[in-house]
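Below, read A as the first sequence line, B as the second, and so on, with proteins coming before strands; counting in each chain starts at 1.
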Protein chains: 2
Amino acid sequence: MSLTDTSKSTNCLAMSDVLNRIGDKWSVMVVGMLGRNGTLRFNELKRMINGVSQRMLTLTLRNLERDGLVNRTIYPEVPPRVEYSLTELGKTLQGPISALWDWSAENHQSIVEARATYDARETAVAAENHQRIAYARG
Amino acid sequence: MSLTDTSKSTNCLAMSDVLNRIGDKWSVMVVGMLGRNGTLRFNELKRMINGVSQRMLTLTLRNLERDGLVNRTIYPEVPPRVEYSLTELGKTLQGPISALWDWSAENHQSIVEARATYDARETAVAAENHQRIAYARG
DNA sequence: CGGCATCCTGGTGGATACTG
DNA sequence: CAGTATCCACCAGGATGCCG
């Protein structure tokens, strides 16, 4: 499926659907972590992913499992042990996600600078408009 | 910046920040559309991106502009004309996004099937538990 | 045409407490 | 340890109406 095919509406729907899952920051983080570390337990993931709540990690993992991207293995021990890893399908996602991750690392600084420039200009424009209003009022 | 560097916390923050913008489905759609069509007007984008509201398209475009990913050109005519296109930085995003788009097209079906399998199993388990409860109650 | 301002609602997700 | 359950605050985002 080449890039030129993406104008088809079916691809928009697929992209939309996929984005609803992997566009989620926690999902990307989980796939990234599992991709690099192979197999991780629940609390290991929780510690590695900064800011994720227990609830969100649980939901994220369930969704990834449901979509066939993550394996969930339960060991019937006491205390319980549950291990997560990427499925073969999940591993194929590593490529695109790595590309995104690398892009972020490379271009984050540019974005931060662009924001600063934009905000400075917006502030200046706002001040100018304020002046105009003052003039109009006499 | 290679994949092995992504365990650094700084990269997690950058990724998180970038994901907040490009993880948004509308942003991805807009970049995709502008990438393939070069320059588009507001209502052209609105027509091409199925389901986007005027408000969300406006906000999405403003954020992309603020992040230095999209150019906004106003032509002081009547009726007004505003054209949008990707900046150089925005164009570099096309690669990662295309990769994601292609992956979606290729693997969407697998995900749909995985969901169906998962849901069928969950339903079966729920039914089984229901049986157990019935037994327990006598 | 290409917005912006306002209102309003549903869902997202955090905090907390409890369980096998 | 690895969840589940419940409550609740917040805000994302749709609908609508007005404007340059």
Do B/T73 and B/V82 have side chains that approach each other closer than 4.5 Å (heavy atoms only, starting at C-beta)? no
Quickly work out the A/D24 CG to D/dA12 P distance and round it to whole Å. 15 Å
How many whole angstroms separate atom CZ of B/R55 from atom P of D/dA12? 9 Å
A/N50 atom CG, over 12 foreign heavy atoms within 6.0 Å: no
Is there any protein nitrogen or oxygen under 3.5 Å from a nitrogen or oxygen in nucleotides 1-3 of chain D, and what are the pairs?
unit_1	atom_1	unit_2	atom_2	d
D/dC1	O3'	A/R41	NH2	3.2
D/dA2	OP1	A/R41	NE	2.9
D/dA2	OP1	A/R41	NH2	3.2
D/dA2	OP2	A/N43	N	3.0
D/dA2	OP2	A/N43	ND2	3.3
D/dG3	OP1	A/R62	NH2	3.0
D/dG3	OP1	A/R72	NE	3.4
D/dG3	OP1	A/R72	NH2	2.5
D/dG3	OP2	A/Y84	OH	2.4
D/dG3	N7	A/Q54	OE1	3.3
D/dG3	N7	A/Q54	NE2	2.3

Please tell me which of A/V52 and B/L59 maps to the more 5' nucleotide of DNA chain C, matching each residue to the nucleotide holding its nearest heavy atom. B/L59
A/N107 side chain vs A/S110 backbone, donor-acceptor pair below 3.5 Å: no
Salt-bridge criterion met for B/R41 and B/E44 (N-O under 4.0 Å): no
Under 4.0 Å from a heavy atom of chain B: give me the 5'-most and 3'-most nucleotides of DNA chain C that qualify. C/dC1 to C/dT6
With side-chain contact (heavy atoms from CB on, under 4.5 Å) as the test, pick out the partner of B/Y84 among B/L57, B/L40, B/L45, B/N71. B/L45
Less than 4.0 Å between a side-chain N and a carboxylate O, is that true for A/D67 and A/R62? no
Taking the six-membered ring of B/W26 as reference, does the NZ or CZ atom of B/R21 fall below 6.0 Å from its centre and within a 45° cone about the axis? no
Report the end-to-end axis angle of the helix from C/dC1-D/dG20 to C/dG20-D/dC1; each axis comes from five terminal pairs, and the value is rounded to 10°. 50°
Between B/D17 and A/K25, does any NZ, NE, NH1 or NH2 come within less than 4.0 Å of an OD or OE carboxylate oxygen? no
Short question: side chain of A/T87, backbone of A/L69 - any donor-acceptor pair under 3.5 Å? yes
Here the distance between atom P of D/dG14 and atom CD1 of B/I49, to the nearest Å, is 13 Å
Is the charged tip of B/R81 near the ring of B/Y75: under 6.0 Å from the six-membered ring centre and within 45° of its axis? yes
